[in-house]
Structures are given as C-alpha cells and as structure tokens.
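As the structure lists them, so they are numbered: ligands from 1, and atoms in each ligand from 1.
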Amino acid sequence: MTETHERPLSIVVNNSPRTTTVDTRSTLVDALRDQLGLTGTKKGCDRGECGACTVLVDGRRVLSCTMLALAADGREITTIEGLAGDGGVLHPVQRMFLEKDAFQCGFCTPGQVMSAVACIKEGHTSSTDEIKEWMSGNICRCAAYVQIVDAVSEAAAEMEAGSR
Ligand code: FES
Ligand code: FES
C-alpha cells in the first residue's frame, strides 16, 4: 500500500472559511495559489529572501514560502485579495502605492503592500529610516524604493489621522 501525503487543511482566508487538501510538504504560498486560486500572492525566490510572498497570518506578516501549509491550519490568513473594503474600496496602503507610483513591473507589490500594512500596524513608521529598516525584507528588483517608502509614510500618516 502506498502512503498518501495528502491532508485536509481548514483555514480562514480573507474572512471566508476554506477547506482543501494539501500535500504535507506544501508551503502556504503554494496552497494559496494552487489549491485556493489566490494568485495575488507572488512566489519570487521561494526561499525566504525576497518578501514577494508576504501574507498576514493572525495579523502578523509571514513569508508564506517558508511556512508549511498545514502549519496554518485553523488560522486566519489575509492576502492581497482581502485587503480592499466593501465595494472594492482600496485600503489606504493600496491607494498610496497607486498615487505615489510605488511600482514598475508590480511583481513585488502584493508582498510590499501586505508588509506595509503590518509595518504600519506595528508602529514602525516614525521616520523614513525606520520604514526602510522594517520594510527591508521586501526586495524590489525595479528599485522603486523611494516611492515605496513615500507611499508607506503617507498611508501611515493618513491611517493615524483617521484613527484619532
Ligand atoms: Fe517567499 Fe521570496 S518567495 S520570500
Ligand atoms: Fe518590479 Fe518591484 S515593481 S520588482
């Protein structure tokens, strides 16, 4: 008898409960993209070096290429597809990336945006140097860094003003 490596996976993705079956060796990024069809999350290096695969797991940023899918069982995942509000109203970080032209090819952008959302929530946006430090795990091969930092800074200011 051959042993199967498939196991059930139940996660809440973008506020929707999802159940699927994954290979025990699958990473979260592969489960999201291949099993659940959420291809907004990108896979760049596939070894924890570029940040393209960043998603939020229970509100914290995680490199989904470094996490086994089954390690996410029972947890809440937010991907780029779940960031916009009702009626598709863009999250302030998404809107600022557009306004500040903070991308070129766009491949790194979903990871940059998810990381920025967490960076702001963590309170690491008091200066451009702090933003650079706490966004340093997200590589942009198009080198849109100046605009990315600007977008994160502006979104942080807007979100802080909105929460007062
Ligand atoms: Fe995950 Fe590069 S694809 S860090
Ligand atoms: Fe091309 Fe960042 S916009 S890699």
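Ile139 forms part of a hydrophobic cluster together with Tyr145, judged by ILVMFWY side-chain heavy-atom separations under 4.5 Å.
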Could you please spell out the steps behind the side chain to side chain contact (heavy atoms under 4.5 Å, CB included) verdict for Ile77 and Asn14? CA-CA 6 Å; Ile77 318 294; Asn14 302 329; over 6 Å; no

Walk me through whether Leu70 and Val22 qualify under side chain to side chain contact (heavy atoms under 4.5 Å, CB included). CA-CA 8 Å; Leu70 287 173; Val22 294; 3.8 Å; yes

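Protein N/O/S atoms closer than 2.8 Å to atom 2 (Fe) of ligand 2: Cys108 SG, Cys140 SG. Below the 2.8 Å limit, atom 1 (Fe) of ligand 1 has as protein N, O or S neighbours Cys53 SG, Cys65 SG.
Between Glu122 and Arg60, none of the side-chain N atoms (NZ, or NE/NH1/NH2) sits under 4.0 Å from a carboxylate O, so this pair counts as no salt bridge. Salt-bridge annotation for Asp73 and Arg7: absent, with no side-chain N of the basic residue lying under 4.0 Å from a carboxylate O of the acidic one. Salt bridge status for Arg25 with Asp23: present, with a side-chain N to carboxylate O gap under 4.0 Å.
Asp101 meets the salt bridge (Lys or Arg N to Asp or Glu O under 4.0 Å) test with no other residue; sequence neighbours excluded.
There is no side-chain donor-acceptor pair under 3.5 Å between Glu6 and Thr4. Between the side chains of Ser115 and Arg61, at least one donor-acceptor pair of N or O atoms lies under 3.5 Å.
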